[in-house]
Amino acid sequence: RFIGNHNVIALPEGQFSIRSDRIRIAESTAAAMTATVSAVEYQGTAVSVTASKADAQDITVLLDDATFFSSPLNTGDAVGLTWDQADLHKLGD
């Protein structure tokens, strides 16, 4: 049901899948979770940012290049991650 990359995220309510292009970088205080940038990969018109949570879970965020370059990120930067609840897809029951 997904086209492109997606993440599986563990939340208190269970495991959810979300597309990489539906996650946004946010201020840590307004974020659903916090993480540390572990990789930045330029992909032409998009930039793939991998952020690692304290529990070693990696989350991939796909940003358009204009968004990324308006506030560039570097390996080691602390970031907040957020999304619209409607973009989460619960896995299993």
Open item on the list: If I compare all heavy atoms of M33 with all of K53, which pair ends up nearest, and what's the gap?
Closed with: SD-CD, 3.3 Å
- [ ] Give a yes or no on whether E27 atom CD has more than 12 heavy-atom contacts from other residues, nucleotides or ligands under 6.0 Å away.
- [x] no
Task: Nearest-0.5 Å distance, CH2 of residue W83 to CZ of residue R19 - done: 16.0 Å
TODO: Quick one: pull up CD1 in I59 and CD1 in I18 and give me the separation to the nearest 0.5 Å.
DONE: 9.0 Å
Open item on the list: Please give me the minimum heavy-atom distance between A10 and Q57, naming the atom from each residue.
Closed with: N-NE2, 3.7 Å
Task: Steps toward side-chain contact (heavy atoms from CB on, under 4.5 Å) verdict (V40, V47) - done: CA-CA 7 Å; V40 176; V47 178; 3.7 Å; yes
Task: Straight-line distance of D77 CG to S38 OG, nearest 0.5 Å - done: 11.5 Å
TODO: Output the distance between atom CD (Q43) and atom CG (L63), rounded to the nearest 0.5 Å.
DONE: 10.5 Å
TODO: Mind listing the closest non-hydrogen atom pair of G44 and D65 along with its distance?
DONE: O-OD2, 4.0 Å
Task: Flag, side chain of N7 to backbone of T60, donor-acceptor distance under 3.5 Å - done: yes
Open item on the list: Once ring pair (Phe, Tyr, Trp, His ring centres under 6.0 Å) is applied, what residue pairs with a partner in residues 23-45 remain, sequence neighbours excluded?
Closed with: Y42-F68, Y42-F69
Task: ring pair (Phe, Tyr, Trp, His ring centres under 6.0 Å) contacts in which one or both residues fall within residues 10-35, not counting sequence neighbours - done: none
Task: Sub-4.5 Å side-chain heavy-atom contact between L11 and L88 - done: yes
Task: Atom pair CG/OG of L62 and S48 - distance to nearest 0.5 Å - done: 6.0 Å
Open item on the list: If the condition is side chain to side chain contact (heavy atoms under 4.5 Å, CB included), which residues does D84 pass it with, not counting sequence neighbours?
Closed with: R22, R24, D87
Task: Gap separating the CG atom of L81 from the CD1 atom of I23, nearest 0.5 angstrom - done: 6.5 Å
